[in-house]
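Single-structure report; data block below.
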Amino acid sequence: MIMRKFSLMAASAAMVLGPAVVQAQEQAPTVNTGAVSFNAGIDFVTEYWFRGIPQENQGIIAQPYIDVTFGLFGDEDFSLDAYVGTWNSFHWGDGTSSTPNNPPGATGNDDVWYESDLFVGVVLGFDVWSIDLGYTQLYNPSGGSEFAEEIHVKLGYDDSNHWGDNFGGLQPYGKVVFEIDGGTDGFTGASTGGGDKGIYYELGIEPSFSIYDSQDYPLTLSIPVTVGFGDSNYYEYINNSGNLDNDRFGFVQIGAVVSTPLKAIPAEYGAYTLSAGVHYINVGNAGEYDAGGVNSAAATNSGEDDSFFASFGISMSY
């Protein structure tokens, strides 16, 4: 099984997904006037979900990331940026993982470098619209194998100018992901004959509000809402009859994330942000903890199709 966030990409937007939590992305401080900027950080989550499919819910889950953005062109009507980066997930636990997606050869979830993703792409900006075209390789270092390769197209709309002060807009977006190798459902190479290359669709918003105005530590509340769907056997699972089945609905997830900038750190060292949040996810058949389904190893949570989890992170941009 595979990653994130949330996806995901820090260079192109918000979430995190993404495959399963929001990765905070701040504007680069004005001290950086060049055409190159970067974003880095680490998130800690109590559960790791990738597009509605459970990956880990035991022990410590740490997810560091870094990306670099190159401003290739920009004027009042059009901009072109390129980005490259990596996102990772490390799992430390007691060897009693309740999820079925540990890498091959791993025992439980002890000291696992579960995932390392490499992504590259370009973002085209047209006034308040943006188009993100990118490629991602999702790799399992501990298992020594590739989860999947995929390309994506994401359309975003910046509606912040339509609202008053203290509200950053809904920031709606839509994304389509095409798997070009491997599969998210975990059946790649399995005797079931699954692992089909599928198509994933995502819609989301992330309204943000200023909830505490302070010179030193202002607070912002964001409410990311994400809905995921699949096609062409993207969400495969074993049904209660023991047959391979397909579900179009993947998940719906909503969160509440509070963040604050660390203004005590001088701007010449970058802009730092702390964030903490709580998230709720409801999943389809392919993501259920179901003793008769794809996640049969998760017997301790048999029959559950929703969950609450928490996140904490620190990020910097320059």
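All values derive from a computational prediction rather than experimental measurement.
F38 pairs by the ring pair (Phe, Tyr, Trp, His ring centres under 6.0 Å) definition with nothing, not counting sequence neighbours. Residues satisfying the salt bridge (charged side-chain N to carboxylate O under 4.0 Å, His left out) test with D231, not counting sequence neighbours, are R248. For S210, there are no side-chain hydrogen bond (donor to acceptor under 3.5 Å, both in side chains) partners at least two apart in sequence or on another chain. Under the rule for a side chain to side chain contact (heavy atoms under 4.5 Å, CB included), the partners of L133 that lie at least two apart in sequence or sit in another chain are V122, L124, I131, V153.
The two atoms that bring G52 and V283 nearest to each other are O-CG1, 3.3 Å, heavy atoms only. In terms of heavy-atom proximity, P218 sits nearest to P261 at O-CD, 3.5 Å. Of all heavy-atom pairs between Y272 and G270, the closest is CD1-O, 3.7 Å. Considering every non-hydrogen atom in both G168 and S160, the closest pair reads O-CB, 3.4 Å. Contact between A286 and D247 at its shortest, heavy atoms only, is N-OD2, 4.4 Å. Nearest approach of T220 to S208, heavy atoms of both residues: CG2-CB, 4.1 Å.
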Would you please test S89 and Q63 for side chain to side chain donor-acceptor pair (under 3.5 Å) and show each step?
CA-CA 4 Å; S89 192; Q63 299 176 332; 3.2 Å; yes
Report the C-alpha distance between Y157 and F126 in whole Å, list the side-chain angles of each, state the deciding distance to 0.1 Å, and finish with yes or no for ring-ring contact (aromatic ring centres under 6.0 Å, His included).
CA-CA 10 Å; Y157 178 70; F126 304 92; over 10 Å; no
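Its side chain outside the 4.5 Å cluster rule for every partner, Y139 clusters with none of the Ile, Leu, Val, Met, Phe, Trp and Tyr residues. Hydrophobic cluster membership for Y212: W163, F167, L170, I205, F209, I211, L219, L221, I223, V225, I254, V258, Y280, F308 (Ile, Leu, Val, Met, Phe, Trp, Tyr linked by side-chain heavy atoms under 4.5 Å, directly or transitively).
Going from atom CG of N88 over to atom OH of Y114 covers 13.5 Å, rounded to the nearest 0.5 Å. Annotation: the span from E149 atom CD to L118 atom CG amounts to 10.0 Å, rounded to 0.5 Å. In this structure, Y237 OH and N285 CG are separated by 3.5 Å, a value rounded to the nearest 0.5 Å. The CZ atom of F147 lies 8.0 Å from the CG atom of L138; values are rounded to the nearest 0.5 Å. With rounding to the nearest 0.5 Å, the separation of CG in N233 from CD in E179 is 10.5 Å. A distance of 10.0 Å separates CH2 in W87 from CZ in F119, rounded to the nearest 0.5 Å.
Between the side chain of N32 and the backbone N or O of Y318 there is at least one donor-acceptor pair closer than 3.5 Å. Listed for the D75 side chain is a donor-acceptor partner under 3.5 Å among the backbone atoms of F78. Judged purely by atom type and a 3.5 angstrom limit, T46 uses its side chain to pair as donor or acceptor with the backbone of A310. No side-chain donor-acceptor contact under 3.5 Å links Q253 to the backbone of F251.
A cation-pi arrangement, defined by a distance under 6.0 Å to the six-membered ring centre and an angle within 45 degrees of its axis, is present between R51 and Y200. Relative to the six-membered ring of Y173, K154 meets both conditions, a distance below 6.0 Å and an angle of at most 45° to the axis.
At least one side-chain heavy atom of T226 sits less than 4.5 Å from a side-chain heavy atom of E202.
Between H279 and F309, the angle of the ring planes stays under 30°, which puts this pair in the parallel group of the 30/60° scheme.
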